[in-house]
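Below is one structure; the comments refer to it alone.
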Amino acid sequence: MRWKLIVLLSTALFVLPLTIVAASAETHEVLMLNKDPNDKKKRNVFIPAVIRIKPGDTVKFVSGDKGHNTESMKGMIPEGAKPWKSKVSKDFELTFDKPGVYGYRCTPHYTLGMVGIVIVEGEGWDANLEAAMGVKQRGKSKKILEGLWAEVDNLMQ
Ligand SMILES: [Cu+2]
């Protein structure tokens, strides 16, 4: 029957692009660890600390060691983006839709320098960069973030 074929084809044409869009969104892992596996002197780290992803991608924060979490930092996420705060010692997944830079920290270890940055590609992704860089930091995070911003600069070229 010809109409069955037509129904089948139009369904395929409708479903196929949706499948492709869903399949192209990736999940990236960021480990929350007591020690940097590549430099044992660095304690309380997100690995990788800076990550560049596409809109619609998900970051899975993996509780590699207990005692850590992820929390967005005030003034360090794009306008209109939703702040987050995960539970300590738990994995946490977050999908990023809005282009821009997202600064985050581990709540218990912020002053010890446990901070990270997610960069989401897309139009206007540098709109909140200056504001995020200008946020005043305390403790060890001040110095750590200086290094991370240099990485961000490279990744946004
Ligand atoms: Cu921590």
Side-chain angles (χ1 to χ4, degrees), residues 18-157:
L18 293 179
T19 315
I20 290 166
V21 168
S24 69
E26 280 184 60
T27 297
H28 311 261
E29 288 196 349
V30 172
L31 293 168
M32 305 188 280
L33 298 174
N34 291 344
K35 282 181 187 172
D36 185 334
N38 299 312
D39 183 354
K40 298 267 155 74
K41 282 178 199 157
K42 282 190 195 159
R43 290 169 174 274
N44 304 305
V45 287
F46 292 104
I47 304 283
V50 180
I51 190 169
R52 175 176 159 173
I53 66 172
K54 292 189 162 54
D57 283 0
T58 296
V59 174
K60 182 179 183 182
F61 295 92
V62 179
S63 180
D65 293 311
K66 289 196 186 310
H68 307 288
N69 78 335
T70 166
E71 176 190 20
S72 57
M73 289 199 277
K74 248 189 202 157
M76 294 183 73
I77 61 173
E79 207 182 310
K82 233 172 121 186
W84 72 88
K85 185 175 182 177
S86 75
K87 289 197 174 108
V88 173
S89 304
K90 296 278 181 206
D91 290 354
F92 180 72
E93 283 190 32
L94 191 63
T95 300
F96 293 79
D97 295 312
K98 225 175 152 42
V101 294
Y102 295 73
Y104 64 90
R105 65 184 187 173
C106 167
T107 317
H109 300 120
Y110 165 66
T111 51
L112 295 175
M114 190 163 171
V115 285
I117 295 166
V118 175
I119 307 163
V120 181
E121 297 173 7
E123 214 182 303
W125 65 335
D126 59 354
N128 77 315
L129 179 62
E130 228 175 287
M133 288 178 77
V135 172
K136 210 175 164 198
Q137 305 294 340
R138 289 180 290 120
K140 226 178 148 187
S141 282
K142 200 171 173 176
K143 185 141 189 238
I144 297 284
L145 273 164
E146 276 172 25
L148 299 190
W149 288 125
E151 273 185 61
V152 168
D153 194 46
N154 282 330
L155 285 171
M156 288 182 80
Q157 298 302 321

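Atoms within each ligand, like the ligands themselves, are counted from 1 in listed order. Position 1 is the first residue of the sequence; numbering continues from there. These numbers were taken from a predicted model, which means no experiment stands behind them.
No other N/O/S atom of His109 lies as close to the Cu ion (ligand 1) as ND1 does. The Cu ion (ligand 1) is closest to atom ND1 of His68 (considering only N, O or S atoms).
Using bins of under 30°, 30° to 60° and over 60° for the plane-to-plane angle, the ring pair Tyr104/Trp84 lands in the tilted bin. A perpendicular orientation is assigned to the rings of Tyr102 and Phe96, their planes being inclined by more than 60° (bins at 30° and 60°).
In this structure, Lys60 NZ and Glu26 CD are separated by 15.0 Å, a value rounded to the nearest 0.5 Å.
Contact annotation: Asn69 places no N, O or S atom under 2.8 Å from the Cu ion (ligand 1).
For the residue pair Thr58 and Glu93, no side-chain donor N or O sits within less than 3.5 Å of a side-chain acceptor on the partner.
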